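In what follows, a structure is listed as C-alpha cells, so that the remarks can point back to it.
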Amino acid sequence: MVDNANWELKNCCNRDQVRFLVTIGVFTVVILALWRTILLTPFKLITVFLHEASHAIACKLTCGDVEGMQVHANEGGATQTRGGIYWLILPAGYLGSSFWGMALVLASTNLTTARIAAGCLALALFIVLFIAQNWTLRGLCIGFIVFLAVIWVLQEETSVRILRYVILFIGVMNSLFSVYDIYDDLISRRVHSSDAEKFAEVCPCPCNGVGWGVIWGIISFAFLCAAMYLGLVILS
C-alpha cells in the first residue's frame, strides 16, 4: 500500500478526492459562519477536551500522574498533574489537539478507520469521566458518548450513513479551533498564565511566550495542511 501510494498526486483529483476537498471546504465555511453561536459550543469543548487529554497523555508517557481534569463552559480547561517531564507536558496540549485533528481528518477517509476513531474517542471520553473534576466535563463526556453511539447506530442500522462526515467535521473543527486558540491565547492577547508563557520560563531557548505561540501555531497549521495532503494521497 505504501509503495503504491501516489505521493506526487498525479492525475489528481478523482471523485473521492474532490468530495474530500469540497466537504472540508463546506465544513470550514459552516464553522466560520457559526463560530460565535451556541451550535458549535459542544464541538469547541471537545477540542478543549482533546487539549487537556493531550496534557494527560504526555504526563503518563513521561511517568507522571494525572490527578484530575476540568473543561469549563467558557472554553477553558485545566489538567492537574504530578511528576512527568514538565517541558514535554506543556506544549502537548496545543500541539496534541492539532495532531488529533489531523488524525480524525485522515480517519474519515475510510469507514473502517472512522469506526475506529469514533470508538477510540468514545473510550477516551469514558475514561476521562472517572477523573473529571467538574460537571461541564462530565456532561461533555456523557453527551458525546451518547452522540457517537447514536451516529454509530444510524450508520449500521439505517440508510443515514454519516459517521465518516461526523468524524471529518470534528477533525476540521478541532484543527481550526486549535490554530485559533493558539493565536487568541498566545499571540493576540498573550495570556500570562498560558502554556507558552510557562514553557518560555522553563525552556533555555531565548524565546518568549509569543514566540513559542508563533512556533506552535505554525506547527498546528502544518498539521492541518498535512491532513489534507495525506487525505488526498490515501484517496488517490
Side-chain angles (χ1 to χ4, degrees), residues 1-37 39-47 49-50 54 95-125 143-182 217-236:
M1 291 283 294
V2 175
D3 293 337
N4 296 327
N6 183 11
W7 296 107
E8 298 178 359
L9 295 179
K10 295 179 179 178
N11 301 318
C12 183
C13 294
N14 60 36
R15 185 178 64 180
D16 290 337
Q17 290 171 316
V18 170
R19 184 186 297 122
F20 176 70
L21 290 176
V22 170
T23 305
I24 289 178
V26 171
F27 284 168
T28 300
V29 171
V30 170
I31 288 169
L32 294 178
L34 301 177
W35 189 262
R36 299 190 182 279
T37 69
L39 294 174
L40 288 186
T41 298
F43 296 97
K44 287 182 178 181
L45 294 181
I46 277 294
T47 299
F49 162 80
L50 290 172
S54 297
L95 299 184
S97 59
S98 299
F99 171 80
W100 296 123
M102 179 182 71
L104 290 170
V105 169
L106 295 179
S108 72
T109 59
N110 181 278
L111 181 56
T112 299
T113 52
R115 288 183 178 125
I116 294 172
C120 290
L121 181 56
L123 178 60
L125 289 162
F144 253 88
I145 289 172
V146 173
F147 172 71
L148 290 172
V150 170
I151 296 300
W152 189 290
V153 171
L154 290 175
Q155 173 70 38
E156 303 299 329
E157 303 296 335
T158 73
S159 60
V160 183
R161 304 184 183 279
I162 60 172
L163 179 62
R164 288 176 60 186
Y165 294 101
V166 169
I167 294 300
L168 179 57
F169 183 85
I170 296 174
V172 173
M173 177 70 215
N174 201 85
S175 297
L176 292 176
F177 189 70
S178 296
V179 174
Y180 169 81
D181 208 25
I182 289 173
I218 292 172
I219 295 173
S220 293
F221 185 73
F223 275 134
L224 177 58
C225 294
M228 297 179 65
Y229 167 71
L230 294 174
L232 291 174
V233 171
I234 292 170
L235 293 170
S236 63

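Only a predicted model underlies this, so the values are computations on that prediction, with no experimental measurement involved.
Residues meeting the ring-ring contact (aromatic ring centres under 6.0 Å, His included) test with F49, sequence neighbours left out: none. Judged as a ring-ring contact (aromatic ring centres under 6.0 Å, His included), and not counting sequence neighbours, F221 has no contacts. A search for side chain to side chain contact (heavy atoms under 4.5 Å, CB included) contacts involving V153 returns E157, not counting sequence neighbours. Annotation: ring-ring contact (aromatic ring centres under 6.0 Å, His included) contacts of F169 (sequence neighbours excluded): F27, F43. Looking at residues two or more places apart in sequence or on another chain, you find no ring-ring contact (aromatic ring centres under 6.0 Å, His included) involving F20.
Residue N110 holds its CG atom at 10.5 Å from CG of D16, rounded to the nearest 0.5 Å. Here the CE-CG distance, from M173 to L34, works out to 10.0 Å after rounding to the nearest 0.5 Å. Taking CD1 of I116 as the start and CG of L111 as the end, the distance is 10.0 Å to the nearest 0.5 Å. Taking OH of Y180 as the reference point, atom CG of L32 lies at 11.5 Å (rounded to 0.5 Å). The distance from the CZ atom of F99 to the CD1 atom of I219 is 13.5 Å, given to the nearest 0.5 Å. Taking CG of L235 as the start and CZ of R19 as the end, the distance is 9.0 Å to the nearest 0.5 Å.
Using modelled atom types, one finds no donor on one side chain facing an acceptor on the other under 3.5 Å when comparing T47 with S97.
Between L148 and A118 the shortest heavy-atom distance is CD1-O, 3.8 Å. Across all their heavy atoms, Q17 and L9 have their closest contact at NE2-CD2, 4.1 Å. Taking each heavy atom of L154 and T158 in turn, the nearest pair found is O-OG1, 2.6 Å. The two residues L224 and S175 come nearest to each other via the heavy atoms CD1-CB, 3.6 Å. The two atoms that bring C13 and L21 nearest to each other are SG-CD1, 4.3 Å, heavy atoms only.
Proximity of the aromatic rings of W100 and F223 is defined here by a centroid distance below 6.0 angstrom, and this criterion is not met.
Within the 4.5 Å cutoff, the side chain of M228 has no heavy atoms near those of the V105 side chain. L125 is listed as a side-chain neighbour of I46, based on a closest heavy-atom distance under 4.5 Å. Contact annotation: the side chain of T113 never approaches that of L106 to less than 4.5 Å [non-hydrogen atoms, C-beta and beyond]. L104 is not listed as a side-chain neighbour of S108, based on a closest heavy-atom distance of 4.5 Å or more.
For the pairing with V172, the side chain to side chain contact (heavy atoms under 4.5 Å, CB included) check across V26, I167, I31 returns one residue only, I31.
At most 12 heavy atoms of other shown residues, nucleotides or ligands fall within 6.0 angstrom of atom CD in E8.
The backbone N or O of I162 sits less than 3.5 Å from a side-chain atom of Q155, completing a donor-acceptor pair.
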Checklist entry - Can you list the steps and then say if I170 with F144 is a side chain to side chain contact (heavy atoms under 4.5 Å, CB included)? => result CA-CA 11 Å; I170 296 174; F144 253 88; 4.2 Å; yes

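Sorted by first and then second residue, the side chain to side chain donor-acceptor pair (under 3.5 Å) pairs with a member in residues 220-233 read S98-S220; sequence neighbours excluded.
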